[in-house]
Enquirer: 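Here you go, one structure.
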Amino acid sequence: MRLEHKTAVITGGASGIGLAAAHRFAAEGAAVVIGDVNADRAVAAAAEITEAGGTAVGTAVNVMDEESIASLIGRAVDEFGSLHVLCNHVGGSNPRKDLDLLRMDLDEFDKTMALNVRSTVLGARLALPHMIAAGGGSIINTASVAGLSGDYLQSAYGTAKAAVIRLTQYIATQYGPRNVRCNAVAPGAISSPALLDNLSSAEIDAIVAHNALPFLGEPDDIANTMLFLASDESRYLTGQLLTVDGGMSSHSSIAEDRRGFLPA
Ligand SMILES: NC(=O)c1ccc[n+]([C@@H]2O[C@H](COP(=O)([O-])OP(=O)(O)OC[C@H]3O[C@@H](n4cnc5c(N)ncnc54)[C@H](O)[C@@H]3O)[C@@H](O)[C@H]2O)c1
């Protein structure tokens with residue numbers, strides 16, 4: 001039981017990676033509070049965990065709204081007495097509006113920064129006092145490989161995720177002395193609804209072709225990393241980015257072309 005006696009809040013925990021993390025955390029003994037804009041799915045996910053013998057509640061949250069995040073954190077503390085782990089997991093952008101710089105919708109840029117970055121700032125600000133009161137905690141921010149380098153599209157998303165990575169270091173630096181750790185996970189391509197609903201299978205194949213490993217990641221691949229970051233096994237690890245991408249970012253962009261120049 002790697003998370004025994006810990007309370008964890010997961011935003012966006014009703015689907016995909018967040019849902020997988022909710023199940024993994026509960027299976028390891030955590031009391032899990034699943035917050036999601038889709039309240040019905042959050043409640044259903046919590047019921048499933050409870051049926052399996054775990055402890056969970058599901059509730060509505062909109063991470064675009066500070067009061068809504070405050071009531072999510074408040075619910076966790078009221079119900080379970082304290083807060084030790086926060087996964088700031090919600091993020092994304094609208095791929096039809098988040099294009100190259102000249103064609104990017106500026107309202108979409110602002111919305112994307114709010115959904116990915118402001119929400120992470122708010123989550124941390126609201127959780128920190130409770131974690132400090134509990135003697136420490138672990139904040140886990142969901143970034144993306146999109147935040148590591150440039151691309152032809154999703155300019156707002158990549159910029160926002162880069163900010164999440166840097167913000168992680170600021171939180172780690174400022175609250176490490178109070179025993180609060182903060183790390184980020186950068187998923188590569190993961191078979192969650194966010195990916196499967198927005199990209200064609202040809203586009204997914206094109207992405208996976210650049211992995212070092214020959215397959216598409218699954219939500220559990222990220223959930224297991226989050227579990228490690230939530231648990232005391234990572235007690236000496238803070239301010240770091242763990243990139244879980246099947247090796248997509250392990251090689252330079254010219255590596256594939258250079259294969260043609262290998263000596264016989
Ligand atoms: N799937 C991937 O390949 C991939 C890759 C890199 C990063 N990510 C990151 O993972 C996160 C998304 O996780 P996923 O892939 O499992 O997606 P998902 O679509 O399966 O789940 C996202 C959840 O967030 C909820 N949500 C959306 N907006 C919300 C809001 N304003 N407030 C509260 N909840 C909200 C949705 O209802 C949904 O349940 C994002 O931060 C995304 O940038 C995903």
Side-chain angles (χ1 to χ4, degrees), residues 9-24 33-46 58-73 75 86-95 98 111-120 122-123 126 140-149 151 154 156-165 167-168 184-199 201 203-208 210-211 215-226 241-246 248-249:
V9 168
I10 304 174
T11 69
S15 171
I17 296 168
L19 178 62
H23 279 279
R24 291 296 287 123
V33 179
I34 300 169
D36 202 287
V37 78
N38 189 327
D40 290 346
R41 276 213 316 249
V43 170
T59 186
V61 72
N62 182 354
V63 300
M64 299 295 268
D65 175 36
E66 181 170 10
E67 265 181 41
S68 180
I69 305 176
S71 62
L72 172 70
I73 303 282
R75 171 101 189 254
L86 169 66
C87 293
N88 281 314
H89 180 62
V90 174
S93 73
N94 180 339
D98 183 10
K111 203 173 145 196
T112 301
M113 292 304 280
L115 186 71
N116 293 272
V117 187
R118 189 171 185 274
S119 68
T120 303
L122 290 176
L126 292 160
I140 302 161
N141 298 329
T142 300
S144 167
V145 288
L148 301 178
S149 55
D151 206 335
Q154 289 197 293
Y157 180 65
T159 303
K161 290 303 193 183
V164 167
I165 294 165
L167 173 63
T168 297
V185 178
I190 302 296
S191 64
S192 73
L195 186 91
L196 301 175
D197 295 349
N198 285 310
L199 301 187
S201 57
E203 204 170 345
I204 294 171
D205 288 349
I207 293 170
V208 173
H210 288 275
N211 283 355
F215 56 87
L216 178 65
E218 291 177 9
D220 265 343
D221 293 314
I222 307 302
N224 285 327
T225 305
M226 289 174 159
L241 173 69
L242 300 189
T243 302
V244 185
D245 66 351
M248 184 197 292
S249 61

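For the single chain, residues carry numbers from 1 onward in sequence order. Both counts, for ligands and for their atoms, begin at 1 and track the order of listing.
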Enquirer: Could you tell me whether some N/O pair between Val145 and ligand 1 is separated by less than 3.5 angstrom?
Expert: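 Not met; the criterion fails.
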Enquirer: Hey, which atoms in ligand 1 end up nearer than 4.0 Å to a heavy atom of Gly91?
Expert: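 The list of qualifying atoms is 40 (C), 41 (O), 43 (O).
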Enquirer: Report, in ascending order of atom number, the atoms of ligand 1 lying under 4.0 Å from any heavy atom of Lys161.
Expert: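 Answer for ligand 1: 41 (O), 43 (O).
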Enquirer: Should you measure from each heavy atom of Val63, which atoms of ligand 1 turn up under 4.0 Å away?
Expert: 30 (C), 31 (N), 32 (N), 33 (C)
Enquirer: Side-chain contact, heavy-atom cut-off 4.5 Å: Ser249 with Thr243?
Expert: yes
Enquirer: So is there a nitrogen or oxygen of Ser15 less than 3.5 Å from a nitrogen or oxygen in ligand 1?
Expert: yes
Enquirer: Under 3.5 Å between any N/O of Asn62 and any N/O of ligand 1: does that happen in this structure?
Expert: yes
Enquirer: The criterion is side-chain contact (heavy atoms from CB on, under 4.5 Å); which residues satisfy it with Ala45, sequence neighbours excluded?
Expert: Leu19, Ile34
Enquirer: Find all atoms of ligand 1 within a distance of less than 4.0 Å from any non-hydrogen atom belonging to Arg41, and give their numbers and elements.
Expert: 37 (O), 38 (C), 39 (O)
Enquirer: Can you list the ligand 1 atoms lying under 4.0 Å from a non-hydrogen atom of Pro193?
Expert: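 Taking each heavy atom of Pro193 in turn, ligand 1 has 20 (O) under 4.0 Å.
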Enquirer: For atom 29 (C) of ligand 1, what is the nearest protein heavy atom, given as residue, atom name and distance?
Expert: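 Residue, atom and distance for the closest contact: Val90 CG1, 3.6 Å.
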Enquirer: Any nitrogen or oxygen of Ala14 lying under 3.5 Å from a nitrogen or oxygen in ligand 1? Just yes or no.
Expert: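 Checking ligand 1 against Ala14, no N or O pair falls under 3.5 Å apart.
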Enquirer: Would you check if there is a donor-acceptor pair between the side chains of Thr168 and Asn141 at a distance under 3.5 Å?
Expert: yes
Enquirer: Decide whether Asn88 and Thr120 meet the rule of one side-chain donor and one side-chain acceptor closer than 3.5 Å.
Expert: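 There is no such pair between these side chains.
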Enquirer: Give the residue and atom name of whichever protein heavy atom lies nearest to atom 8 (N) of ligand 1, and the separation in Å to one decimal.
Expert: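 The protein heavy atom lying closest is Tyr157 OH, 3.7 Å.
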Enquirer: Please write down residue, atom name and distance for the protein heavy atom closest to atom 5 (C) of ligand 1.
Expert: Gly188 O, 3.1 Å
Enquirer: Relative to the heavy atoms of Gly16, which atoms of ligand 1 are at a distance of less than 4.0 Å?
Expert: 16 (O), 20 (O)
Enquirer: Does CZ in Arg118 sit with more than 12 non-hydrogen atoms of other residues, nucleotides or ligands closer than 6.0 Å?
Expert: no
Enquirer: Are His89 and Thr142 close enough that a side-chain donor and a side-chain acceptor fall under 3.5 Å?
Expert: yes
Enquirer: Any N or O of Asp36 that comes nearer than 3.5 Å to an N or O of ligand 1?
Expert: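 The answer is yes, given that Asp36 and ligand 1 share an N or O pair closer than 3.5 Å.
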Enquirer: Provide the number and element of each atom of ligand 1 under 4.0 Å from a heavy atom of Leu115.
Expert: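 It comes down to these atoms of ligand 1: 31 (N).
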Enquirer: Val61: heavy atom below 4.0 Å from ligand 1, yes or no?
Expert: yes
Enquirer: So for ligand 1, is Ser144 a polar contact partner (N or O within less than 3.5 Å, distance only)?
Expert: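 N/O-N/O distance below 3.5 Å does not exist for this pair.
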Enquirer: Could you list the atoms of ligand 1 found under 4.0 angstrom from a heavy atom of Ala143?
Expert: 7 (C)
